[in-house]
Amino acid sequence: MWTGIALATAAATTAGVLAGCGSGNSSSDSGSTSSANASKPQAEGPPRNPYLSADIYPVTHVDPGQSDSIPYSVARGTFHVDPAQQPRAAGGPINYMTLASTTSDYMWVVSTDGVRYVDVRDGGFKQVATIDAPGAKVLAPAQVDAVVDQTLHDSAQVHAAVDSWGLDWKSSMANGVYVLVDNENRLYYNTTAGDIVVFGLKNKDKPEDGIEIVRTFDFKPYLGGTGFEGAPETMVGLDMTYDGHLVVLSSKGVAVLNRDFSGDVQRVRFGDDELVTNSMAIDEHGGIYAASDKVMRKLVWTGSKLSTDDADGAWSSAYDFGRQPPTVKFGSGTGSTPTLMGFGKDTDQLVVITDGADHMKLVAFWRNKIPEGFTAKPGAKSERIADQIQVTAGKTDPLPEFIQSEQSVVVNGYGAFVVDNMHSGGDPNRLVDVLSGGPIDEAPTGMQRFEWDPKAKKWASVWERGDVVSASMVPTVSRGSGIVFVNGYSKADGWEVTGMDWNTGETVHRTIFGQSNRGNGAYALIEFAPNGDLIFNSISGPFRAKLTK
C-alpha cells in the first residue's frame with residue numbers, strides 16, 4: 001500500500017515520486033495489491049441507450065451508468081505538452097465535456113457560455129460552428145486567456161482576475177453541467193435561468209452552416225425552492241430514459257417529460273431540507289438514481305408514471321452527511337453523481353457514492369432486490385446499504401479536518417476509485433477556488449482504489465496514494481490500458497495529467513503541461529479519443545494533444 005505523505009510536503013515531493021514513469025522505473029514504495037480480487041478490465045457495462053448519440057460520451061460521466069470508464073487504450077510514459085500550441089475550441093471559463101455526436105467525425109463541446117461543434121477527423125480538433133447559450137454572459141476568448149495565462153501569485157490577484165470576468169459564479173457554473181446528445185444529434189442543455197434548450201445543426205450534412213436552437217422549454221414554473229447557499233432552485237442536470245423520455249433533475253426533485261416537450265410534466269419533489277448538487281444515473285429498466293445531501297433514492301419511470309412505489313422497485317435510504325467543506329465541494333452531502341456497478345447475469349447490482357461525512361466513506365447500495373437474509377451492516381443507516389468503508393486516501397494520523405470529494409466514483413468492473421479534493425485554502429467563489437488550488441494554495445492530495453467482493457458482500461481497499469494530486473477534474477479510467485487518470489499540480493512541474501496502474505497504484509503515465517493554467521481542467525472530465533489522444537477540457541477551452549515523446 002502506498003503510504004501517505006504529509007500535506008505540507010506533498011506538492012513539492014510529487015514530481016520526484018512520479019518522475020520515473022517515462023523510463024519504466026517505479027518508486028521503491030510502489031503500490032501493492034491488498035485484495036486478491038483486483039479487477040480485470042470490465043467485460044460488461046451499462047447497455048447502450050438507443051436514444052443517445054453513442055455508447056461512449058453521449059452524456060456527462062461517459063455513459064448512462066455514469067462510470068467515467070472508457071475502452072480506449074492510452075500510452076504509458078511521460079509526455080510534455082504545451083497547451084497553447086494545441087488545437088482548441090476556445091470558450092469557458094468552465095468547459096465541462098466534449099460529447100459524442102452521432103458521427104465519429106464530429107463532437108460537441110459543452111461550456112458554461114454555450115456549445116460548439118468540432119471536426120475531429122484525422123486526429124484534428126477544429127471548431128466549425130458555435131452558438132451562445134440564451135442568457136449566458138459570453139466572454140471573448142481573449143478575456144478568458146488574459147486571466148488563465150497569468151502567473152498567479154496570491155489570492156488577491158486571483159480575485160481581481162476572476163472579477164474582471166464579471167460573472168456571477170453560481171449562475172455561470174450551473175449552465176450545461178450535466179447534459180446529453182440524443183440519437184438525432186441534438187444537444188439538450190440546461191440554463192441557470194430555468195430553460196431547457198435543444199441545439200441542433202442547421203444543416204446536418206454541412207455543419208459549418210451553423211448551430212440553431214431547435215426548441216426550448218420553460219422549466220421555471222417547476223422550480224421555486226432553494227438551491228446551493230440560498231440561491232434559487234436550479235436544474236442540476238438532464239438525462240434520457242431507455243424509452244426516450246427526458247429526465248430533469250433539479251435542486252429539489254426529479255421530473256420526466258416527453259423529449260419533444262409535448263404533454264404533461266411528471267414530478268417528484270424531495271424534502272424541503274434536502275439539496276441536490278450532482279447528476280443522476282439511469283438504468284435500462286427505468287431506474288433513476290439520484291442523491292440529495294441526505295438521502296439516496298431510486299425512482300422508477302414505468303413508461304407512463306414516475307414512481308416512488310416499492311412495488312415498482314423504487315426505494316430511498318438515508319446516508320451519512322457532515323459539514324460544508326471550505327473548498328471545491330458543493331454542499332454537506334455526497335459530492336458524487338451516483339454510479340452504477342455490476343452488469344450482466346449473476347452479478348451484485350449496486351449503485352455507489354461517497355457520503356458526506358467529514359471523513360468520507362465509499363457507500364454501496366443494493367440497486368434492486370436486497371439479497372435474502374442480508375442484514376444491515378454495523379453503522380449503516382439502512383439495510384439498503386450493502387456496505388460502506390472509510391476512505392483514508394493515503395492520509396495518516398492526525399487526519400486532516402476533511403477528506404472529501406466533489407467527484408463521482410470511477411467504476412471499472414467491481415473496482416472503484418475515489419479522490420480527496422480538499423486543499424489548504426478555500427474561497428466561497430468556486431472560480432477563485434479552482435484557480436488557486438495548487439498555484440496559490442497547497443494542492444489537494446490523496447486517492448484510493450477499492451474492490452467489491454461479491455462473495456463476502458463487502459468492500460476492500462486495494463491501494464491508496466497520499467502523494468498524488470487531484471485538483472478538481474473528474475478522474476477517468478482507461479479499461480483498455482488499465483490506467484486511472486487525474487489532473488493535478490506540483491510546484492516543480494506545474495499542471496499535469498497523472499495516470500496510475502488500476503491494479504497496483506504505480507504511476508505509469510504523466511502528461512506534463514508546465515506552469516500554464518491552461519493545464520487546469522476545473523471540474524471537467526478527463527477524456528481520450530479512440531486513438532489514445534488526450535482531449536483535455538481546459539479552463540480556457542478544450543484542446544486535443546497527441547501523446548508523443
Side-chain angles (χ1 to χ4, degrees), residues 34-37 39 65-66 254 268 270-271 273-276 278 280-281 283 285 287-300 307-323 331-343 346-393 399 403-405 408-409 411 413-418 448-462:
S34 62
S35 167
N37 297 314
S39 62
Q66 310 291 301
V254 173
V268 170
F270 301 159
D273 63 340
E274 295 182 56
L275 178 67
V276 178
N278 300 282
M280 62 199 133
D283 70 27
H285 303 297
I288 301 168
Y289 303 84
S292 75
D293 55 356
K294 299 175 178 64
V295 180
M296 177 71 209
R297 287 180 174 85
K298 176 185 179 180
L299 301 91
V300 177
S307 176
T308 58
D309 295 340
D310 293 348
D312 292 319
W315 51 262
S316 65
S317 172
Y319 69 89
D320 292 332
F321 60 92
R323 295 173 292 163
S332 59
T334 180
S336 302
T337 291
T339 304
L340 306 186
M341 172 182 281
F343 300 94
D346 300 325
T347 60
D348 284 346
Q349 298 188 349
L350 308 167
V351 56
V352 301
I353 60 170
T354 52
D355 70 14
D358 291 355
H359 294 159
M360 67 182 177
K361 298 181 291 296
L362 175 65
V363 186
F365 301 82
W366 297 113
R367 211 156 80 216
N368 300 309
K369 183 179 179 181
I370 298 173
E372 187 174 347
F374 180 82
T375 57
K377 297 286 182 75
K381 288 196 168 179
S382 81
E383 66 175 5
R384 177 60 61 180
I385 295 176
D387 194 28
Q388 54 189 20
I389 187 171
Q390 193 68 54
V391 176
T392 52
L399 294 175
I403 297 176
Q404 259 297 334
S405 178
S408 62
V409 180
V411 166
Y414 278 136
F417 175 82
V418 301
Q448 194 162 0
R449 232 276 277 152
F450 297 91
E451 191 80 12
W452 176 257
D453 186 334
K455 293 183 178 178
K457 308 298 184 191
K458 61 184 294 187
W459 289 116
S461 178
V462 178

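Bear in mind the structure is a predicted one, so any value in this text is a computation, not a measurement.
Between the side chains of Ser336 and Thr354, at least one donor N or O lies within less than 3.5 Å of an accepting N or O. Side-chain contact check for Ser461 and Gln448: at least one donor-acceptor pair (N or O, by modelled atom type) lies under 3.5 Å. There is no side-chain donor-acceptor pair under 3.5 Å between Thr337 and Asn278.
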Could you go through the side-chain contact (heavy atoms from CB on, under 4.5 Å) check for Phe417 and Val411 one step at a time? CA-CA 7 Å; Phe417 175 82; Val411 166; over 6 Å; no

Ser405 and Val418: CA distance, side-chain angles, deciding distance, side-chain contact (heavy atoms from CB on, under 4.5 Å) verdict: CA-CA 8 Å; Ser405 178; Val418 301; 5.7 Å; no

Between Phe450 and Val462, does the side-chain contact (heavy atoms from CB on, under 4.5 Å) criterion hold? Intermediate values first, please. CA-CA 5 Å; Phe450 297 91; Val462 178; 5.7 Å; no

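Asp387 has its side chain within reach of Trp459: a pair of non-hydrogen atoms, C-beta onward, lies under 4.5 Å apart. Within the 4.5 Å cutoff, side-chain heavy atoms of Leu399 are placed close to those of His359. Between Glu383 and Thr375, every side-chain heavy-atom pair lies at or beyond the 4.5 Å cut-off. Within the 4.5 Å cutoff, the side chain of Val352 has no heavy atoms near those of the Val363 side chain. When side chains are defined from C-beta on, Lys377 does not count as touching Gln388, because their heavy atoms never get closer than 4.5 Å. Here the side chains of Ser317 and Ile385 are in contact, with some heavy-atom distance below 4.5 Å. The shortest side-chain heavy-atom distance between Ser408 and Thr339 falls under the 4.5 Å cut-off. Residues Val351 and Trp366 are not in side-chain contact: their nearest non-hydrogen atoms beyond the backbone lie 4.5 Å or more apart.
No donor-acceptor distance shorter than 3.5 angstrom exists from the side chain of Gln349 to the backbone of Asn368, with no hydrogens or angles considered. The backbone N or O of Ala376 lies less than 3.5 Å from no partner atom in the side chain of Arg384, so there is not a single donor-acceptor pair. One N or O on the side chain of Asp355 and one on the backbone of Ala357 form a donor-acceptor pair closer than 3.5 Å. Under a 3.5 Å cut-off, the side chain of Tyr414 and the backbone N or O of Asp348 do form a donor-acceptor pair. Under the 3.5 Å distance criterion, the side-chain polar atoms of Asp358 are matched with a main-chain donor or acceptor of Arg323.
Residues Lys298 and Gly287 share a closest heavy-atom pair of CE-CA, 3.9 Å. The nearest pair of heavy atoms linking Met341 to Ala416 is CE-CB, 4.1 Å. Nearest approach of Asp312 to Val300, heavy atoms of both residues: O-CG2, 3.4 Å. The minimum heavy-atom distance linking Tyr319 with Thr334 is given by the pair OH-N, 2.9 Å. Contact detail for Tyr289 and Met296: the closest heavy-atom pair is CB-CE, 3.7 Å. In this structure, Leu350 and Ala364 approach most closely via the heavy-atom pair CD1-CB, 4.2 Å.
Relative orientation of the Phe365 and Trp315 rings is parallel, given thresholds of 30° and 60° on the angle between their planes.
In this structure, Arg297 satisfies the cation-pi test against Phe270, with its NZ or CZ atom closer than 6.0 Å to the six-membered ring centre and inside 45 degrees of the ring normal.
For the atom pair Leu275 CG and Ser292 OG, the distance stands at 8.0 Å (nearest 0.5 Å).
Contacts of Ser332 classified as side-chain hydrogen bond (donor to acceptor under 3.5 Å, both in side chains), with partners at least two apart in sequence or in another chain: none.
A salt bridge between Asp453 and Lys458 is absent, with no side-chain N of the basic residue lying under 4.0 Å from a carboxylate O of the acidic one. Taking the charged nitrogens against the carboxylate oxygens, Lys361 and Asp320 do have a contact shorter than 4.0 Å, which makes a salt bridge.
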